[in-house]
Amino acid sequence: GGCDKGRHCRSHKQACGQRDGEVMSRTFDSKCYELAEAFLADSPDLDTEANRRALASEIQDVIEGFVADAEARRQVREAA
């Protein structure tokens with residue numbers, strides 16, 4: 001299984017760029033990985049694959065939380 005056009009591959013629970021058969025416990029969008037990669041490039045001692053994936057996962061979590069909170073606020077406004 002693979003990804004379509006660099007997008008997050010939810011059906012396989014893996015992120016873009018993973019080898020077939022390699023499964024992650026947490027998933028993230030390829031853009032989150034690219035952002036993590038860019039930030040960690042400035043810190044060679046931290047720039048490891050494990051850290052890039054961990055940071056990408058954290059970025060994904062923050063984005064999803066932001067979107068969920070914004071949606072909840074919108075629903076409250078619409079209900080008022």
Side-chain angles (χ1 to χ4, degrees):
C3 294
D4 179 29
K5 299 177 184 161
R7 296 189 140 193
H8 177 74
C9 190
R10 287 190 176 96
S11 64
H12 298 288
K13 293 189 183 292
Q14 64 189 41
C16 302
Q18 283 189 282
R19 295 183 295 272
D20 285 344
E22 184 180 359
V23 178
M24 290 189 54
S25 60
R26 298 174 73 182
T27 58
F28 48 82
D29 188 280
S30 63
K31 295 293 183 185
C32 294
Y33 183 87
E34 291 169 11
L35 185 57
E37 192 174 41
F39 274 92
L40 291 175
D42 294 334
S43 302
D45 57 323
L46 298 175
D47 192 12
T48 65
E49 183 63 19
N51 282 344
R52 288 188 295 269
R53 289 175 186 243
L55 182 54
S57 183
E58 291 292 326
I59 293 167
Q60 181 77 32
D61 289 348
V62 170
I63 291 169
E64 289 175 357
F66 177 87
V67 170
D69 290 347
E71 178 65 21
R73 287 190 301 271
R74 183 188 63 76
Q75 289 177 356
V76 167
R77 281 192 308 273
E78 288 178 357

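Position 1 is the first residue of the sequence, and the numbers go up from there.
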Just verifying a value: how many Å separate Arg52 CZ and Glu34 CD, rounded to the nearest 0.5 Å?
12.5 Å

Looking at side-chain heavy atoms only, is the closest gap between Arg53 and Phe28 below 4.5 Å?
yes

How far apart are the closest heavy atoms of [X] and [Y], and which atoms are they?
{"X": "Leu40", "Y": "Leu55", "result": "CG-CD2, 3.9 Å"}
{"X": "Asp47", "Y": "Ala41", "result": "OD2-CA, 3.7 Å"}
{"X": "Ala36", "Y": "Ala56", "result": "CB-N, 3.7 Å"}

According to a hydrophobic-cluster definition based on side-chain heavy atoms being under 4.5 Å apart (Ile, Leu, Val, Met, Phe, Trp, Tyr only), do Val67 and Leu35 belong together?
yes

Is it the case that one hydrophobic cluster holds both Tyr33 and Val62, taking links as side-chain heavy atoms less than 4.5 Å apart, direct or via other members?
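Unlinked, Tyr33 and Val62 end up in two clusters.
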
Under 3.5 Å, is there a donor-acceptor pair between the side chain of Gln60 and the main chain of Asp29?
yes

